[in-house]
Amino acid sequence: MNPISTRYPINELFETIQGEGFYTGTPAIFLRLQGCPVGCPWCDTQHTWDKAAEDQVELETVLNKSSASSQWAELSATEVLAAFKQQGFHAKHVVITGGEPAMYDLRELAQVLEAAGYALQIETSGTYELKVSSATWVTVSPKLDMPGGFLVRPDCMKRANEIKHPVAMQKHIDALDNLLEKCPPAAGTIISLQPISQRPRATELAIKTCIERNWRLSVQLHKYLHIE
């Protein structure tokens, strides 16, 4: 496999602490890719939705962003690894997010980064075929009945190591129940509920449901800590 045949549109590249899901608290390099047609109304990264040619910039511009923007730089897998080293990142856990990162073939990126000692995690809506390595930790945050009209794929649900579902009210839990029945995950898959925007009623509902079902609660720790 040629490690420079795929190029990735990168909106952000930074080192922080993973604030959600199974790896909460883990030092991580976040690689945010540009592009997503799913259209979640509550999305807090709407600047990543459109991959416009006029927004393409050099990597230095992306690295020096002072605020969220739709600007993106295109890098090969080997250039991504070089950027990690150039930035002096210490973390060995890489979170590939977006946007919708599963729009892209991530196998070459995984090949290069895993060979260099990194572990990969992808955060996906489950609406695109997953092209990742067998070692990649797959977090599916299923997006149901979104404006983009995309369906959650059974193969994504089956591949998921973790299903992290955003909830605000009971209908979101009911929708997850329906999805789990139609697209059952593999045995042992972690299921967690994440209150949307840390709203008090959503948080109370998520806690109650997690206790009743022995699921996990995912809080957006980074928002409480006011970090990226």
Side-chain angles (χ1 to χ4, degrees), residues 10-34 36 38-49 68 89-103 106 118-128 130 132 135-144 146 152 156-157 159-169 172-173 175-176 179-180 185 188-211 213-228:
I10 297 170
N11 177 278
E12 288 185 279
L13 178 61
F14 60 93
E15 189 175 47
T16 185
I17 296 291
Q18 170 62 289
E20 300 178 1
F22 180 80
Y23 282 100
T24 294
T26 301
I29 299 167
F30 270 72
L31 186 66
R32 187 180 304 283
L33 302 185
Q34 189 76 12
C36 181
V38 179
C40 306
W42 63 79
C43 177
D44 56 6
T45 58
Q46 293 189 19
H47 59 281
T48 67
W49 286 7
F89 292 151
H90 299 285
K92 290 296 183 180
H93 185 77
V94 179
V95 181
I96 308 170
T97 187
E100 175 44 76
M103 292 173 61
L106 300 172
Y118 293 90
L120 273 60
Q121 174 186 3
I122 180 175
E123 297 182 337
T124 175
S125 62
T127 56
Y128 280 80
L130 290 168
V132 297
T136 298
W137 179 274
V138 174
T139 300
V140 173
S141 183
K143 300 303 188 293
L144 304 169
M146 292 296 114
V152 175
C156 290
M157 292 290 287
R159 174 61 179 83
N161 299 97
E162 167 187 27
I163 295 168
K164 178 164 60 69
H165 191 58
V167 297
M169 55 192 75
H172 298 133
I173 296 172
L176 176 60
L179 178 65
L180 293 173
T189 300
I190 295 167
I191 299 176
S192 59
L193 300 181
Q194 184 163 292
I196 293 175
S197 301
Q198 291 77 242
R199 297 171 187 166
R201 289 181 63 184
T203 302
E204 181 181 350
L205 174 62
I207 290 172
K208 177 178 179 292
T209 306
C210 286
I211 291 174
R213 304 190 182 194
N214 201 29
W215 288 351
R216 293 196 182 198
L217 179 72
S218 173
V219 297
Q220 293 178 298
L221 179 66
H222 53 292
K223 293 188 177 181
Y224 286 104
L225 297 177
H226 305 291
I227 60 175
E228 285 190 276

Point to revise | Residue list, side-chain hydrogen bond (donor to acceptor under 3.5 Å, both in side chains) with T189, at least two apart or on another chain | key: none
Nearest-0.5 Å distance, [atom1] of residue [X] to [atom2] of residue [Y]:
| X | Y | atom1 | atom2 | result |
| --- | --- | --- | --- | --- |
| N161 | Y23 | CG | OH | 7.5 Å |
| R159 | I122 | CZ | CD1 | 9.5 Å |
| K208 | I173 | NZ | CD1 | 8.0 Å |
| D44 | I196 | CG | CD1 | 11.0 Å |
| E20 | Q194 | CD | CD | 4.0 Å |
| T209 | E204 | OG1 | CD | 10.0 Å |

Are any non-hydrogen side-chain atoms of [X] and [Y] less than 4.5 angstrom apart?
| X | Y | value |
| --- | --- | --- |
| I29 | L13 | yes |
| R32 | P101 | no |
| T97 | E12 | no |
| L106 | L31 | no |
| I163 | P185 | yes |
| V140 | M157 | yes |
| P142 | H165 | yes |

Check your understanding: Would R216 and N214 count as having a side-chain donor-acceptor pair, cut-off 3.5 Å?
Key -> no
Check your understanding: Would you say the side-chain atoms of E100 and S125 include a donor-acceptor pair closer than 3.5 Å?
Key -> yes
Practice item. Show your working on side chain to side chain contact (heavy atoms under 4.5 Å, CB included) between V132 and I96 and close with a plain yes or no. Key: CA-CA 11 Å; V132 297; I96 308 170; over 6 Å; no
Could you report the tightest heavy-atom contact between [X] and [Y], atom names first, then the distance?
| X | Y | answer |
| --- | --- | --- |
| A102 | T124 | CB-OG1, 3.7 Å |
| L130 | C156 | CG-SG, 3.9 Å |
| A206 | L217 | CB-CD1, 3.7 Å |
| L193 | V167 | CD2-CG1, 4.0 Å |

Check your understanding: What class does the angle between the rings of F14 and F30 fall in, given that below 30° is parallel, 30 to 60° is tilted and above 60° is perpendicular?
Key -> parallel
Practice item. Verify, without hydrogens or angle tests, whether H47 (side chain) and N11 (backbone) share a donor-acceptor contact under 3.5 angstrom. Key: no
Review point. Is there a donor-acceptor contact under 3.5 Å from the side chain of E162 to the main chain of F22?
Key: yes
Review point. Of all residues at least two apart in sequence or in a different chain, which pass the side chain to side chain contact (heavy atoms under 4.5 Å, CB included) check with W49?
Key: C36, C43, Q46
**Study point:** Sequence-distant partners of W215, ring-ring contact (aromatic ring centres under 6.0 Å, His included), two or more places apart
**Key:** none
Check your understanding: Among Q121, K164, E123, whose side chain to side chain donor-acceptor pair (under 3.5 Å) with T139 holds?
Key -> Q121
